[in-house]
Colleague: 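This is the structure I have questions about; it appears just below.
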Protein chains: 4
Amino acid sequence: MTEQNTIRVPQQTRSIEKKKRLMDAAMAEFGAKGFHGTNAKGIAKGAGVSVGTFYAYFTDKKAILFEIINQHLIEIDQSIFKTLTRKMDEGATGREVIGHIVKLGHEAHHHSPELLRVMLSMQYIDEDFKEYAATEFNGTTTKLSKFLKTMSDRLRITDMEAAAQVVANAFEETMHSVATGQPHVEQDRLYNALIDMTSIYLFKDPDAPLSHPSQDN
Amino acid sequence: MTEQNTIRVPQQTRSIEKKKRLMDAAMAEFGAKGFHGTNAKGIAKGAGVSVGTFYAYFTDKKAILFEIINQHLIEIDQSIFKTLTRKMDEGATGREVIGHIVKLGHEAHHHSPELLRVMLSMQYIDEDFKEYAATEFNGTTTKLSKFLKTMSDRLRITDMEAAAQVVANAFEETMHSVATGQPHVEQDRLYNALIDMTSIYLFKDPDAPLSHPSQDN
Amino acid sequence: MTEQNTIRVPQQTRSIEKKKRLMDAAMAEFGAKGFHGTNAKGIAKGAGVSVGTFYAYFTDKKAILFEIINQHLIEIDQSIFKTLTRKMDEGATGREVIGHIVKLGHEAHHHSPELLRVMLSMQYIDEDFKEYAATEFNGTTTKLSKFLKTMSDRLRITDMEAAAQVVANAFEETMHSVATGQPHVEQDRLYNALIDMTSIYLFKDPDAPLSHPSQDN
Amino acid sequence: MTEQNTIRVPQQTRSIEKKKRLMDAAMAEFGAKGFHGTNAKGIAKGAGVSVGTFYAYFTDKKAILFEIINQHLIEIDQSIFKTLTRKMDEGATGREVIGHIVKLGHEAHHHSPELLRVMLSMQYIDEDFKEYAATEFNGTTTKLSKFLKTMSDRLRITDMEAAAQVVANAFEETMHSVATGQPHVEQDRLYNALIDMTSIYLFKDPDAPLSHPSQDN
DNA sequence: AATGAATGAGTATTCATTCAT
DNA sequence: TATGAATGAATACTCATTCAT
């Protein structure tokens, strides 16, 4: 009702640690019971603080989930695109680069499969999360699209934007299916198929080194 | 999901119609407000019956959602595989058959995008739905896998099961992104990319007719 | 959040009785603990029903207080103006009629002094109650004003509206001070003073009979 | 209202100023949001100090409201009775003196109508405030009563105490209705009626000068 | 078969007050 | 003296489910 509710922005070491404890506890709770099964009281208890303290750091349980997910996605995103150019400089082929992305993506998704489930469900339930996920995904495909454009002469495809999105979709869904659960087929066969499909699709020659494009011409 | 109470199995015409009314009302409610925003009272009201009647036909709101989704998926599944063989007999190429699947899938997913969202969220929230979705998806990939095996000599790929799943994944996610959301790229470009990717991946020659395999040998 | 909350309008005998029980319990609670000290749970408990039942009959505690007060004011209002004309026909003087009003007002205010306190506080706290009280008071003064106009030739005063309001104010406050508590002076002396003040103010001759004005002229 | 903790009685200039700042902030908060809508944190924030500091100066929010109201009433009370004798010495009539009181009362009540509302509501809600208001009102009527006794030979009325209270009641309520609300009749007509009613009631000749009573006899 | 009144555990959130720093 | 982080009891309100009629 009143607008004097200020959310605590921790500067002190103790406060920062308390906020972290809350986020860790929240992650555990969300992972175990889902969004609707989790409540502020439980999170606070898990973190060893009072409900009041929870509400001092976060406006509500949606806010804390948001912050948790945000932090994770930032980590994932960074980890994927960071090493790509280095790989290429090492003379990796298209197929190898794709394989590397699969490996990184796999690791990222397996950081916390439980949380991943919650995150995935939220984008279908909540408008804010939907929007956030869309923006996030958009960012990823844009990066991928740009990445593809830097090597356009090695590519089969011409519509880079569409390709980036379709490939990202295939990656997403396959990662999720592996991370959240039911692998009807062993993970390696699945990843091999994924690598094969996207490599064949994207590259003129998936097994040629990607770097030093000038030399090939 | 246990059936501790006797749930009415309608034999009478009036009962069947009442059950249908309940399911229609439920679909509308779930679509508009999501699973957690919907309650039994609202569904009953929408169907013009009492809460008691609702509970006479369904154990709880999960049960009615289950039944609704089940019905839809059956329809979708049938619509996709029904016409495939006919297409092939008409001399369609691999690319054309894939294109046909995309068209059917698109229609199916756009039958009720709202409900689709609920369905998608539920598989991340609820164990029963997760299991169901897995089985369903498994069924689809199995069918696809079998379908691929009937034309193995025309295919690039060798691991049919893995291919079926990866292709199904790419389809799923792309359909969903179009159905539930903000397409960053126009739908047609996306679908073309999807068709291109999967055709190139699956077939030795995506533009050769699939039928009469004996002739080619 | 959802708008399917329908407030139960009792038609059955049992329901009507339940609603009455709730209102009686609420009156007791409000009287004893004031508005902010009372909660739905307590009212329900007092009425021997569950909280849910409370909320089935009333949207919130404000609503039930409103209904209680409304009922009381209707009773008060009716009791005051009902017998006035009869008194006049019996040849009562202005002073006697005023005395009669004081008597009726006193009875009305003493129906439930505790509730009166709550009612009075609410008009200063809550906008809806303020508005309601204003309307109600307006109604009373309007009636009084009309009543005065029927005997304008017997009156000293010329601005009937202003007189009606000032007289009503004097009545109100004196009634309240007697009903809610601290009589620094005995009630009868106070009422006599009130009668004296308003009679002298309103009438040319407070001790002449009010009826049959034609005869006097 | 018990003082279990040591409440700071400011002697230092800085402390006095801090207390004033708190009271000013509290007035603003109470006026804007009422008693129940206001909380210690908000007041402290408004005063630019910490909650702890608030509790160092006041036991709770009731205490600060008490102090604020007390200060205001003292001011009002003084302003009303201060100039009365002077007016009389200037040869004012009874009606003119009453008119002067109305003017002063009006000004006093309009100092902070918002706070007035809070004050009025509190006397119906809280026992301590009720008692305080009673005492305060008692004081006013006692003063008025004494004032009247100094001019008993000019008065119609004989029961000075009762008259003082009834007149005070009429004043109170009319002032409040003007200050807090929707005047159904213009303020001037209302005040004129009030002056007329009380003058006619109190004085033998409302239009004769009050001073030098000996000369008249 | 159908109704819908009744239940009450459960949930999110606030805020007066304390107390270690 | 002053701070403001921390506490946790308390509150309004909802909704899945039952069961007497």
Side-chain angles (χ1 to χ4, degrees), chain A residues 1-2 4-6 8 10-12 14-15 18-19 36-45 48-62, chain B residues 4-5 8 10 12 14-15 18 36-45 49-62, chain C residues 1-2 4-6 8 10-12 14-15 18-19 36-45 48-62, chain D residues 4-5 8 10 12 14-15 18 36-45 49-62:
Chain A
M1 196 198 294
T2 52
Q4 65 212 27
N5 295 348
T6 330
R8 198 166 295 158
Q11 253 96 27
Q12 317 295 331
R14 238 186 40 170
S15 279
K18 203 159 273 183
K19 187 168 182 181
H36 285 280
T38 297
N39 59 354
K41 209 174 177 180
I43 295 172
K45 200 179 175 183
V49 298
S50 70
V51 219
T53 300
F54 173 87
Y55 281 99
Y57 287 98
F58 302 96
T59 46
D60 51 26
K61 62 173 175 163
K62 200 169 132 179
Chain B
Q4 52 194 68
N5 291 34
R8 194 166 301 149
Q12 315 298 329
R14 239 184 38 168
S15 284
K18 204 164 271 186
H36 287 280
T38 297
N39 59 353
K41 202 178 174 184
I43 295 173
K45 199 179 175 184
V49 299
S50 70
V51 219
T53 302
F54 173 87
Y55 279 96
Y57 287 99
F58 301 96
T59 45
D60 51 27
K61 64 172 173 167
K62 201 170 130 180
Chain C
M1 196 197 296
T2 52
Q4 65 211 26
N5 294 348
T6 329
R8 196 166 295 157
Q11 254 97 26
Q12 318 295 331
R14 238 185 39 168
S15 280
K18 203 159 271 185
K19 188 170 181 180
H36 285 279
T38 298
N39 60 354
K41 210 175 176 180
I43 295 173
K45 200 179 175 183
V49 299
S50 69
V51 218
T53 301
F54 173 87
Y55 281 99
Y57 287 98
F58 302 96
T59 46
D60 50 27
K61 62 174 175 163
K62 200 169 130 180
Chain D
Q4 53 192 66
N5 291 35
R8 193 165 304 150
Q12 315 297 329
R14 239 184 39 169
S15 283
K18 204 165 270 185
H36 287 279
T38 297
N39 60 353
K41 204 180 174 183
I43 295 173
K45 200 180 176 184
V49 299
S50 70
V51 220
T53 301
F54 173 87
Y55 278 96
Y57 288 98
F58 302 96
T59 45
D60 51 27
K61 65 173 172 166
K62 199 169 129 181

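Heavy-atom basis, side chains included; hydrogens, waters and symmetry copies ignored. Numbered from 1 within each chain, the chains take letters A, B, ... in sequence-line order.
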Colleague: When you measure from the side-chain N and O atoms of A/R8 to the phosphate of F/dA5, is any distance below 4.0 Å, counting only OP1 and OP2?
Modeller: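 So the side-chain polar atoms of A/R8 do come within 4.0 Å of the phosphate oxygens OP1 or OP2 of F/dA5, strictly under.
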
Colleague: Determine whether a donor-acceptor pair (N or O, by modelled atom type, separation under 3.5 Å) exists between the side chain of C/K19 and the backbone of C/Y57.
Modeller: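 Absent.
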
Colleague: Using a cut-off of strictly less than 4.0 Å, decide whether A/T53 has a side-chain nitrogen or oxygen near OP1 or OP2 of F/dA5.
Modeller: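 Negative; the distance criterion is not met.
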
Colleague: Distances under 3.5 Å between protein N/O atoms and the N/O atoms of nucleotides 19-21 of chain F, please, pair by pair.
Modeller:
none

Colleague: Expressed as a whole number of angstroms, how long is the span from B/F58:CZ to F/dA16:P?
Modeller: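 About 15 Å, once rounded to whole Å.
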
Colleague: What's the NE2-P distance between A/H36 and E/dG10, to the nearest Å?
Modeller: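 Rounded to the whole Å, the gap is 18 Å.
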
Colleague: Expressed as a whole number of angstroms, how long is the span from A/Y57:OH to F/dG4:P?
Modeller: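 Those two atoms, OH and P, are 13 Å apart.
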
Colleague: Please identify each residue that fulfils salt bridge (Lys or Arg N to Asp or Glu O under 4.0 Å) with C/K62, with sequence neighbours left out.
Modeller: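 With neighbours one apart ignored, the set is C/D126, C/D128.
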
Colleague: Please classify the nucleic acid contact of B/K61 as base, sugar-phosphate, or nothing, using heavy-atom distances under 4.0 Å.
Modeller: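 Sugar-phosphate contact only - B/K61 comes under 4.0 Å of backbone atoms but never of a base.
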
Colleague: Can you give me the closest heavy-atom contact between D/D60 and D/Y55, atom names plus distance?
Modeller: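 For D/D60 versus D/Y55, the nearest heavy atoms are CA-CE2, 4.3 Å.
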
Colleague: Could you tell me the separation between the CD1 atom of C/I43 and the C1' atom of F/dA12, rounded to a whole number of Å?
Modeller: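 In whole Å, F/dA12 C1' lies 12 Å from C/I43 CD1.
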
Colleague: Tell me whether the side-chain N/O atoms of B/K18 come closer than 4.0 Å to OP1 or OP2 in E/dA2.
Modeller: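 The answer is yes; a side-chain N or O of B/K18 sits under 4.0 Å from OP1 or OP2.
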
Colleague: For DNA chain E, produce a single dot-bracket line, 5' to 3'. Pairs: Watson-Crick or G-U wobble, both distances under 3.5 Å. Symbols: ( ) within strand, [ ] crossing, | other strand, . unpaired.
Modeller: .||||||||||||||||||||

Colleague: Just how far, in rounded Å, is C1' of E/dT14 from CG of D/N39?
Modeller: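 To the nearest whole Å, that distance equals 9 Å.
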
Colleague: If only atom types and distance count, is the side chain of C/K61 paired as donor or acceptor with the main-chain N or O of C/T38 below 3.5 Å?
Modeller: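 Checked: pair present.
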
Colleague: Atom OG1 of B/T53 and atom CZ of B/F58: how far apart are they, to the nearest 0.5 Å?
Modeller: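 Reported value, rounded in 0.5 Å steps: 11.5 Å.
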
Colleague: Measure from the side-chain heavy atoms of A/V51 and tell me the nearest of F/dT14, E/dA5, F/dG8.
Modeller: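 It is F/dG8.
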
Colleague: I want to confirm an ordering. Mapping A/T59 and B/A56 to their closest nucleotides on DNA chain E, which one lands closer to the 5' end?
Modeller: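 Final value for this comparison: B/A56.
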
Colleague: Between C/F54 and A/T38, who's closer to the 5' end of DNA chain E by nearest nucleotide?
Modeller: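 Its nearest nucleotide being more 5', the pick is C/F54.
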
Colleague: With nearest nucleotide decided by heavy atoms, which residue, D/S50 or A/K41, maps closer to the 5′ end of DNA chain F?
Modeller: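 Nearer the 5' end of the strand: D/S50.
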
